[in-house]
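Here's the structure we're looking at; comments come further down.
Numbered from 1 within each chain, the chains take letters A, B, ... in sequence-line order.
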2 protein chains.
Amino acid sequence: MTVSKTASDAVRPQRSLRREPVDPAGDDGMLQLGELSGLLGYSLKRAQLKVFEDFLRCVAPLQLTPAQFSVLLLLDKNPGRNQTEIANTLGILRPNFVAMLDALESRDLCARMRSANDRRSHILVLTDRGRAVLARAKKLVANKHEARLIEVLGPANHAALLEMLAKLAQEF
Amino acid sequence: MTVSKTASDAVRPQRSLRREPVDPAGDDGMLQLGELSGLLGYSLKRAQLKVFEDFLRCVAPLQLTPAQFSVLLLLDKNPGRNQTEIANTLGILRPNFVAMLDALESRDLCARMRSANDRRSHILVLTDRGRAVLARAKKLVANKHEARLIEVLGPANHAALLEMLAKLAQEF
DNA sequence: TATTGTTATACTCTATAACTATA
DNA sequence: TATAGTTATAGAGTATAACAATA
């Protein structure tokens, strides 16, 4: 270690004498982010947390997480698929998908059924209740969640943002 | 439950007879994402994972995670701050920040020192080694990580993306 | 009494190996 | 032998309560 073990004055020298508004952040008050502001990954992560938080708020009446919503959407659009196919598409590892499905199935939102062709695999289907919940969830997401995003960003920016994120998710 | 317990034909009816390229995804091959493509949170999450993955690759020689890098950056830009201030700024809870600092301090990248003013708080400082590692990390991030992002998106899009994400992280 | 750093703890996500039943 | 679903497990990340030292 090369730093002295007692700081305060050593670290911020003649600060107690003059109060120069040299930078936006005073000695107290908000800290300077520095090049953190220019780090895409940093803003990406913080934005993602905010967006998921808002998603949960908007869909709270239906008690669905973003991940659960994505599963229901995918089952609806892709009938006749098995667990591995759905999990892979969503980037969920098969072992971790088991508990997720257990939760959805225990709420009677979807069901596993043995495939007649290959008795190893479970064909996943939405139940009537699953379809109903999905329909209500879609409305909440569109009218509350996405609507708020579009309101904050503006429709054109929202579309541009979506396009860029999709590009990163695929090509990067 | 309202669905029959054996599927296959029930779920995808006359598929074995005709092969109509009705939609981009065949019976096998990639699944249809449906409105998942329009869900900002979904692309946001997948993009974030990709970007963090690339960050880890680029900074691998220095063995720094995005979170650790952000701590070093913040310590450098904000000397004389204590654990609570740094943790709060990064959205890290104080109890969870303890182990993070232990790891950084055990590698001699930063040091805690008792404040002379308030003997409860630990002033955080970068060590010489910490400053050196941070300098190298900044170069790797700029020349490899961010460079690749700018290459994929284009400079104008990269700037626009950063601006929108920062806006979401703050105002949303 | 309030605050700083800390411990303990728990819950979620994620990741890997190995088992079973089928193929 | 290989694959689908599963179990067990371990590791991150995140969250809350409570304690000791200090204010």
How long is the span from the OG atom in Ser121(B) to the CZ atom in Arg114(B), to the nearest 0.5 Å?
8.0 Å

side-chain contact (heavy atoms from CB on, under 4.5 Å) test vs Leu126(B) passes for just one of Leu73(B), Asp76(B), Val133(B), Leu104(B), namely Asp76(B)

Any luck finding a side-chain donor-acceptor pair between Asn88(B) and Arg94(B) under 3.5 Å?
yes

May I ask you to check whether Arg112(A) and Gln83(A) show a side-chain donor-acceptor distance below 3.5 Å?
yes

Rounding to an integer number of Å, can you tell me how far [X] [atom1] sits from [N] [atom2]?
X         : N       : atom1 : atom2 : answer
Asn82(A)  : dG5(D)  : CG    : C1'   : 10 Å
Glu85(B)  : dT4(C)  : CD    : P     : 8 Å
Met113(B) : dT4(C)  : CE    : C1'   : 17 Å
Phe97(B)  : dA8(C)  : CZ    : C1'   : 20 Å
Leu101(A) : dT6(D)  : CG    : P     : 7 Å
Arg112(A) : dT22(C) : CZ    : P     : 16 Å
Leu56(B)  : dT14(C) : CG    : P     : 15 Å
Gln68(A)  : dC13(C) : CD    : P     : 8 Å

Indicate, with yes or no, if [Y] and [X] share a hydrophobic cluster defined by side-chain heavy-atom contacts under 4.5 Å among Ile, Leu, Val, Met, Phe, Trp and Tyr.
X         : Y         : result
Leu31(B)  : Leu72(A)  : yes
Leu40(A)  : Leu90(B)  : no
Leu165(A) : Val141(A) : no

Which residue pairs pass the salt bridge (Lys or Arg N to Asp or Glu O under 4.0 Å) test with at least one member in residues 146-172 of chain B, sequence neighbours excluded?
Asp54(B)-Arg148(B)

Phosphate OP1/OP2 of dT22(C): any Ser121(A) side-chain N/O under 4.0 Å:
no

Please state whether the phosphate of dT14(C), meaning OP1 or OP2, lies under 4.0 angstrom from any side-chain nitrogen or oxygen of Arg94(A).
no

Taking the six-membered ring for Trp, are the ring centroids of Phe55(A) and Phe69(A) within less than 6.0 Å of each other?
yes

Between Thr84(A) and Ile92(B), whichever has its closest DNA chain D nucleotide further toward 5' is Thr84(A)

Of residues 43-53 of chain B, the positions that come close to DNA chain C - non-hydrogen atoms, cut-off under 4.0 Å:
none

Classify every nucleotide of nucleotides 15-23 of chain D by which part a protein heavy atom approaches to under 4.0 Å, writing B for the base, S for the sugar-phosphate alone and - for neither, in 5'-to-3' order.
BBB---BBS

